[in-house]
**Q** 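First, the structure itself, so that you have it in front of you.
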Amino acid sequence: MAISSPTVPGAPVARPGAGAWAVLAVLCFVYVLNFLDRQLLSILAKPIQDELGVTDGQLGLLTGLYFAMFYCILAIPVGWLADRTNRVKVLAISCGLWSAATAACGMAGSYPQLAAARMAVGVGEAGGVPPSYAIISDYFPPGTRGTALSLFNMGPPIGMALGVAFGASIAAAYSWRLAFLWVGAIGVLTALIVWVMVREPKRGGLDARPVDAAVPDAEPVAVPARSGFWETFRMFFADPVLFRIAAACAATQFITYAVLNFTVLFLMREKGMEMGEVAVWYALLILFGTSAGMVASGRLVDRFAPRGKTAYAYVPAIGLALAVPLFVAFVWAPGWPLALAFLLLPMGLNYFYLSPAVTLVQEEVRPDQRVMSGALLLLVMNLVGLGLGPTYLGFASDFFQARGYENSLQLAFYTLTPFYFLAIGLFLWLARAIKQQKLEAAA
C-alpha cells in the first residue's frame with residue numbers, strides 16, 4: 001500500500017500564497033507549450049502528408065509509438081533524478097530540449113528526418129509533466145490540489161487550441177514548416193524564464209504543520225528518507241489503487257489520443273473542412289470543450305472526494321458513459337458543422353479522468369515519491385494510450401483504405417467505441433479497490 005504523507009489531526013490547513021498562483025501560471029504555460037509542440041504534427045498532418053507523402057499508418061507511428069517510446073520510458077529515470085535533485089532546473093532543461101527538437105521538425109526534408117526530430121521531442125518532454133506535478137503539490141496544500149492540478153491540466157486544451165489556431169493559420173498563410181520554427185523559438189525563451197523565475201519549493205512543506213505547533217504533547221513526525229528508484233517502482237505497481245488508476249487512464253487515453261491525433265485530418269478529408277475553418281472553429285471547440293472538462297472534474301473531486309475517495313473513480317466513469325452516444329454521433333455526422341456540434345461535449349467528458357487521476361496519485365504517495373509516481377502514472381497511460389492509440393487508428397484507416405473504402409478514417413473511428421466500455425469497467429474496478437482499502441484501514 002502507498003504511504004501517505006503524515007498529517008496531524010486538527011492542525012490548521014495551510015493556504016497557498018500569491019506566489020503559488022504565479023508559479024502555477026508559469027508551469028501551466030510550459031504545459032501549454034508541451035502539448036502544443038506535441039500536437040502540432042497532427043494538426044498539420046494534411047500539408048505534411050501532401051509534401052512528404054506520409055501515409056495514415058506512418059502518421060500514427062509519428063504521433064504515437066515513435067514519440068511515446070522515448071517520452072514514456074525516459075520519464076522514469078528523469079522522474080527519479082528530479083525527486084533527488086532540483087525539479088525546476090530539470091523542467092527548464094527539458095523545455096529547452098523539446099522546443100529545439102520542435103524547431104527541427106520544421107526543417108525535416110524526409111520521413112526519416114521527421115521521425116528522428118519527433119523522437120527528440122519525446123526525449124525532451126519526458127522531463128516536463130512529472131516535475132510540474134510535484135512542484136505544484138509542494139506549492140498547494142491538501143484540499144486545494146485538485147483545483148490547482150485541474151487548472152494546470154488546462155495546459156493541454158489551451159495548447160491544442162493555440163496549436164490549431166496558430167499552426168493552421170501559419171500553414172494556410174505561409175508554410176507548415178514556419179509554424180514549427182516559431183513555436184520552437186518561443187519554447188526556448190520560456191525555458192530560460194523558468195530557470196530564472198521559478199523557485200524550488202520545500203518537499204512536503206505544506207503536507208502538515210509541525211507537530212509541536214499543532215499538538216504540543218505529541219511525538220514529532222519523522223521525515224522519511226528519500227525513496228530509492230526500485231522502492232518507489234515496486235510500491236506503485238503493488239498498490240491496487242495506484243495500479244488500477246493507471247490502467248483505467250491508459251484505456252481512456254487510448255481513445256483520447258487516437259481521436260486527438262486524427263480529428264483534424266478526419267474533418268478535412270472526410271467532412272469537407274478547410275484549414276482556415278479548422279483554425280477558428282475546431283480551435284474554439286478544443287479550448288472551451290476540453291477546458292470545461294478539466295476544470296469541472298477537478299472541482300467535482302475536490303467537492304466529493306472528502307466524502308468518499310471513490311469519487312476519483314466514479315467521476316471519470318460517468319463522464320465516459322455520457323460521452324459514448326455523442327462520440328458515435330460525431331463520427332456519423334455528414335458534415336463538419338454537425339460533427340463539431342456533436343463533438344463538443346465528448347471533448348470535455350473524455351478528459352474527466354485526468355485531474356482525478358493526478359490528484360489521487362499525488363495524495364496517495366509520500367512527498368519524496370511524487371515526481372516518480374507521477375512519471376509511472378504517465379508511463380502506463382501514455383505508453384498504452386499515446387503509444388498505441390494513434391498507431392492503432394492510423395493502421396486501421398490504412399486497413400480499410402486498402403480494401404477500397406473511401407471513408408476509411410470514419411470506419412476506423414467507429415472501432416474506438418468498445419474501448420469506451422473497457423475504460424468505464426476499469427474505473428469501476430478502481431472504485432472496488434478504493435472501497436477495499438477503506439475497509440482494510442478501518443479494520
**Q** Can any side-chain N or O of Ser397 pair as donor or acceptor with the backbone N or O of Leu393 at less than 3.5 Å?
**A** no
**Q** Tyr314 vs Phe304, test: ring pair (Phe, Tyr, Trp, His ring centres under 6.0 Å). Steps then yes/no.
**A** CA-CA 10 Å; Tyr314 287 139; Phe304 292 108; over 10 Å; no
**Q** Taking all atoms of both residues into account, what is the closest heavy-atom pair of Phe254 and Leu416, and its distance?
**A** CE2-CD2, 4.0 Å
**Q** How close do Gln410 and Val331 get, counting heavy atoms only, and between which atoms?
**A** NE2-O, 2.9 Å
**Q** Locate the shortest heavy-atom distance separating Phe427 from Ile245; write the atom from each residue and the value.
**A** CE2-CD1, 3.9 Å
**Q** Do you know which of Thr359, Val358, Leu360 makes side-chain contact (heavy atoms from CB on, under 4.5 Å) with Gln362?
**A** Val358
**Q** So, do Val365 and Phe236 sit near enough that their side-chain heavy atoms are less than 4.5 Å apart?
**A** no
**Q** Would you say Glu270's side chain and Leu409's backbone share a donor-acceptor pair under 3.5 angstrom?
**A** yes
**Q** In Å and rounded to the nearest 0.5 Å, what is the CG to CG distance from Leu162 to Leu40?
**A** 11.0 Å
**Q** Does the Thr417 side chain pair with the main chain of Tyr414, one donor and one acceptor, at a distance under 3.5 Å?
**A** yes
**Q** Before giving the answer on side-chain contact (heavy atoms from CB on, under 4.5 Å), spell out for Phe352 and Leu322 the whole-Å C-alpha distance, their side-chain angles and the decisive distance to 0.1 Å.
**A** CA-CA 11 Å; Phe352 262 38; Leu322 294 174; over 6 Å; no
**Q** Nearest 0.5 Å, what's the SG-CD1 distance between Cys95 and Ile93?
**A** 11.0 Å
**Q** Before you tell me yes or no, could you show the steps for Leu260 and Asn350 under side-chain contact (heavy atoms from CB on, under 4.5 Å), namely the whole-Å CA-CA distance, both residues' side-chain angles and the distance that decides it to 0.1 Å?
**A** CA-CA 11 Å; Leu260 190 61; Asn350 281 353; over 6 Å; no
**Q** Hey, could you give me the CG/CZ distance between Leu388 and Phe419, rounded to the nearest 0.5 Å?
**A** 9.5 Å
**Q** Once the angle between the rings of Phe35 and Tyr31 is folded into 0 to 90°, is it parallel (under 30°), tilted (30 to 60°) or perpendicular (over 60°)?
**A** perpendicular
**Q** Taking atom types as modelled, find out whether Gln58 and Asp398 have a side-chain donor-acceptor pair closer than 3.5 angstrom.
**A** no
**Q** How long is the gap from CD1 on Ile318 to CG on Leu349, to the nearest 0.5 Å?
**A** 11.0 Å
**Q** With heavy-atom distances below 4.5 Å as the criterion, would you say the side chains of Leu354 and Thr256 are in contact?
**A** no
**Q** Please tell me if the side chains of Leu151 and Trp21 come closer than 4.5 Å, counting only heavy atoms from C-beta onward.
**A** yes
**Q** Is there side-chain contact between Ser373 and Leu377, with heavy atoms separated by less than 4.5 Å?
**A** no
**Q** Quick one: sort the Phe330 and Phe266 rings into parallel, tilted or perpendicular, breaks at 30° and 60°.
**A** perpendicular
**Q** How many angstroms lie between atom OG1 of Thr102 and atom CZ of Arg118, to the nearest 0.5 angstrom?
**A** 8.0 Å
**Q** So which atom in Thr391 and which in Gly60 form the shortest heavy-atom distance, rounded to 0.1 Å?
**A** OG1-O, 3.4 Å
**Q** Taking the side chain as every heavy atom from C-beta outward, state whether Leu265 and Leu59 have any atom pair closer than 4.5 Å.
**A** yes
**Q** Closest heavy-atom contact between Gly96 and Val188?
**A** O-CG2, 4.1 Å
**Q** At their closest point, which heavy atom of Met273 faces which heavy atom of Trp336, and how far apart are they?
**A** CE-CE3, 3.6 Å
**Q** Cation-pi check, Arg403 to Phe399: give yes when NZ or CZ is under 6.0 Å from the six-membered ring centre and within 45° of the ring axis, no otherwise.
**A** yes
**Q** Answer yes or no: is there a donor N or O on one side and an acceptor on the other, between the side chain of Ser291 and the main chain of Phe288, under 3.5 Å?
**A** no
**Q** Applying ring pair (Phe, Tyr, Trp, His ring centres under 6.0 Å), run through Phe233 and Phe237 and close with a yes or a no.
**A** CA-CA 7 Å; Phe233 188 93; Phe237 288 103; 4.9 Å; yes
**Q** Check whether any side-chain N or O of Gln401 sits under 3.5 Å from a backbone N or O of Ser408 as a donor-acceptor pair, and report yes or no.
**A** no
**Q** Does a side-chain heavy-atom distance below 4.5 Å link Tyr139 with Leu24?
**A** no
**Q** Asp56 vs Gln49, test: side-chain contact (heavy atoms from CB on, under 4.5 Å). Steps then yes/no.
**A** CA-CA 9 Å; Asp56 287 353; Gln49 282 189 327; 3.0 Å; yes
**Q** Say you draw a straight line from OH of Tyr282 to CG of Leu287; how long is it, rounded to the nearest 0.5 Å?
**A** 12.0 Å
**Q** Side-chain contact test, heavy atoms from C-beta onward, threshold under 4.5 Å: evaluate it for Gln253 versus Val384 and give yes or no.
**A** no
**Q** Give a yes or no answer on whether the side chain of Gln113 reaches the backbone of Gly109 with a donor-acceptor pair at less than 3.5 Å.
**A** yes
**Q** Flag the pair Arg177 and Glu51 as a salt bridge only when some basic side-chain nitrogen lies within less than 4.0 angstrom of an acidic carboxylate oxygen.
**A** yes
**Q** With side-chain contact (heavy atoms from CB on, under 4.5 Å) as the test, would you mind laying out the steps for Asp37 and Ser99 before giving the verdict?
**A** CA-CA 7 Å; Asp37 293 0; Ser99 299; 4.0 Å; yes
**Q** May I ask you to test the Arg87-Val90 pair for a side-chain heavy-atom distance under 4.5 Å?
**A** no
**Q** Between Glu364 and Lys309, does any side-chain N to carboxylate O distance fall below 4.0 Å?
**A** yes
